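Quick caveat, the model's predicted, so the values are computed rather than measured.
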Amino acid sequence: MLLSPHARTPRRLKAAALLASAVSVCLVAASAPAAPLGVGDRLFPHLGNPGYDVASYDLSFTYPGSNSEPLQAVTTIDAWTTTSLDRINLDFAHGKVESVEVDGKPATFAGADEDLVVTPEDELPRGSWMRITVKHTSDPVSSDDRDGGWVRTTDGLAMANQADAAHLVFPCNDHPSDKAMFTIRITAPDGYTAVANGLPTGVDRAAGATTWTYRTQHPMATELAQVSIGRSTVLHRTGPHGLPLRDVVPTKHREALEPWLEKTPDQIAWMESKVGRFPFETYGLLMADADTGFELETQTLSLFERELFTEPAYPKWYVESIMVHELAHQWFGDSVAPAAWSDLWLNEGHATWYEALYAEEKAGKTMEARMKAAYGASDRWRAAGGPPAAPKAPDPGQKISIFRPNVYDGAALALYALRQEIGRETFERLERVWVSRHADGTATTEDFVRLASQLSGRDLGGFFQEWLYGEKTPPMPGHPEWKSVAPGK
């Protein structure tokens, strides 16, 4: 995610909804009170659920032709149990549950804060395969006062689920540590076009409506799911190695946006020259007519505000570097997902790094100048948001407030220090090995420290402890004269 230049802090304060009142699932009596669970994430304690590992999601949405009405939906989850379960917790809010089945048998269910707690007819033993089918609604209006979920555009809908908002759209295990394959079906009235993550596998037309089906070829975190429904045009082109590219744009803005979209193949080639082959089956930009305040690296189809490309005040080099920021996330954050949200710096620090490197190589905006400016602000960023690998918890009612400067330029500054410390050649090798070794998986800060130490041939634990966890910014290797201004000065 990258906050828009005119919205480095959220544009509008989001109303803080009480968790208990936010959930509108139909309650069915269970044998004992349902309780919310979580995987213990430091920043989002109730996000995700223990006891199972999701293999795949099958999502079906029926769009009614208005983005102010709920969609009818069916979510099917295939998963392995990792312990015996007499109840299954799913993350879900802002929808009405009509029915739940577990392995084809009706199950009782109840809401508990932002969890949907399902009680199957029979206890599920450890190591068993289970299929959960939930018929529900998915309400875009209920997401309007929250940081993410459905985003209402001028002509339809898109998704922005980072960091913890996929469960505002569909029942899931809403934590990046549990990646899964996705099949997504969208039915919409004639005149609309629907696009989702992955590649299309079918288009079925019936009286007055069309159903589009998309399937991923790589596992994906729930926060990276994307569905676009609108009066859109899909533009096709080819990237490096024959990579199929498709962009989704409002039809009326197609001509104005094309000069930007045609830059993507060269940008992919540039990123491949730095870190290796593009990690997915397709890529493209979703240009949304919406006021989000951010851009978002949804897997294979990055979400952008159209205004970023049509507002003449933004310099050309800047817009292109933001395109590369979201592109870089396909490696850093999507293919290699964070094991916990405290590892967010690995996503945003690397995306900011390649954004800045692209601006240096293509527009002469030197990395050293940007990093020197970041160093000057770093102590203030750490005081406000915490050190890069130990960010402070989000502000109440504003979950995306974890996306502070400390995990963007503050984290890129740590990468700059690392390059200064171990040398350019070793640093560039580290980047390539990192995305290759952890492709399609999750990784931790500790994994990065371990790999950097291995490739450099020295123990970097102390170096990373200061740069990633210290309250104060350490001296910059090679630039002892750089100063950071303390808070309040």
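- In this structure, Tyr416 and His479 have parallel ring planes: the angle between them is below the 30° cut-off, well short of the 60° mark.
- Around CZ of Arg237, the count of heavy atoms belonging to other residues, nucleotides or ligands within 6.0 Å exceeds 12.
- The two residues Leu357 and Lys274 come nearest to each other via the heavy atoms CD2-CE, 4.2 Å.
- Each of Ile186, Asn197, Thr183 was scored for a side chain to side chain contact (heavy atoms under 4.5 Å, CB included) with Tyr214, with one residue passing: Ile186.
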>> Please determine whether side chain to side chain donor-acceptor pair (under 3.5 Å) holds for the pair Asp379 and Thr473, giving the CA-CA distance in whole Å, both sets of side-chain angles, and the decisive distance to 0.1 Å.
In response: CA-CA 6 Å; Asp379 279 353; Thr473 310; 2.8 Å; yes
> Given the rule in the ring-ring contact (aromatic ring centres under 6.0 Å, His included) test, do Trp353 and Phe427 qualify, once you have shown the distances and angles that lead to the verdict?
Replying inline: CA-CA 12 Å; Trp353 175 264; Phe427 178 83; 5.2 Å; yes
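- Applying the side-chain contact (heavy atoms from CB on, under 4.5 Å) test to Ser321 and every residue at least two apart in sequence or in another chain returns Trp317, Tyr318, Glu355, Ala359.
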> Asp266 and Lys263: salt bridge (Lys or Arg N to Asp or Glu O under 4.0 Å), yes or no, with the steps?
Replying inline: CA-CA 6 Å; Asp266 286 344; Lys263 299 178 183 295; over 6 Å; no
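- In this structure, Glu326 has no side chain to side chain donor-acceptor pair (under 3.5 Å) partners at least two apart in sequence or on a different chain.
- With values rounded to the nearest 0.5 angstrom, Leu199 atom CG is found 13.0 Å from Thr213 atom OG1.
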> Would Thr251 and Thr233 satisfy side chain to side chain donor-acceptor pair (under 3.5 Å), going step by step from the backbone distance to the final call?
Replying inline: CA-CA 5 Å; Thr251 299; Thr233 295; 2.8 Å; yes
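- How far OG1 of Thr310 is from CE of Met287: 9.0 Å, rounded to the nearest 0.5 Å.
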> Does the side chain to side chain donor-acceptor pair (under 3.5 Å) test come out yes or no for Glu348 and His325, once each step is laid out?
Replying inline: CA-CA 9 Å; Glu348 298 300 346; His325 180 107; 3.2 Å; yes
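- Side-chain contact between Asp178 and Thr222: absent, with no pair of heavy atoms (C-beta onward) separated by less than 4.5 Å.
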> Does the salt bridge (Lys or Arg N to Asp or Glu O under 4.0 Å) test come out yes or no for Arg205 and Asp190, once each step is laid out?
Replying inline: CA-CA 9 Å; Arg205 305 187 188 280; Asp190 289 346; 5.8 Å; no
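- Atom CZ of Arg429 has 12 or fewer heavy atoms from other residues, nucleotides or ligands within 6.0 Å.
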>> Applying side chain to side chain donor-acceptor pair (under 3.5 Å) to His218 and Gln299, what does each step give before you reach the verdict?
In response: CA-CA 10 Å; His218 296 263; Gln299 189 163 309; over 6 Å; no
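- Residues passing the ring-ring contact (aromatic ring centres under 6.0 Å, His included) test with Trp212: none are found, sequence neighbours excluded.
- Qualifying side chain to side chain donor-acceptor pair (under 3.5 Å) partners for Asp334, counting only residues two or more places apart in sequence or in other chains: Gln330.
- Relative orientation of the Tyr192 and Tyr63 rings is perpendicular, given thresholds of 30° and 60° on the angle between their planes.
- Counting heavy-atom neighbours within 6.0 Å of Glu255 CD, excluding the residue itself, gives a total of 12 or less.
- For the atom pair CD (Glu428) and CZ (Arg419), the distance works out to 7.5 Å, reported to the nearest 0.5 Å.
- Partners of Asp41 under the side-chain contact (heavy atoms from CB on, under 4.5 Å) rule, at least two apart in sequence or in another chain, are Leu43, Phe44, His175, Ala340, Trp341.
- Residues forming a side-chain contact (heavy atoms from CB on, under 4.5 Å) with Ala417 (at least two apart in sequence, or on another chain): Phe463, Trp467, Met476, Pro477.
- For Tyr408 and Trp345, the ring centers sit 6.0 Å or farther from each other.
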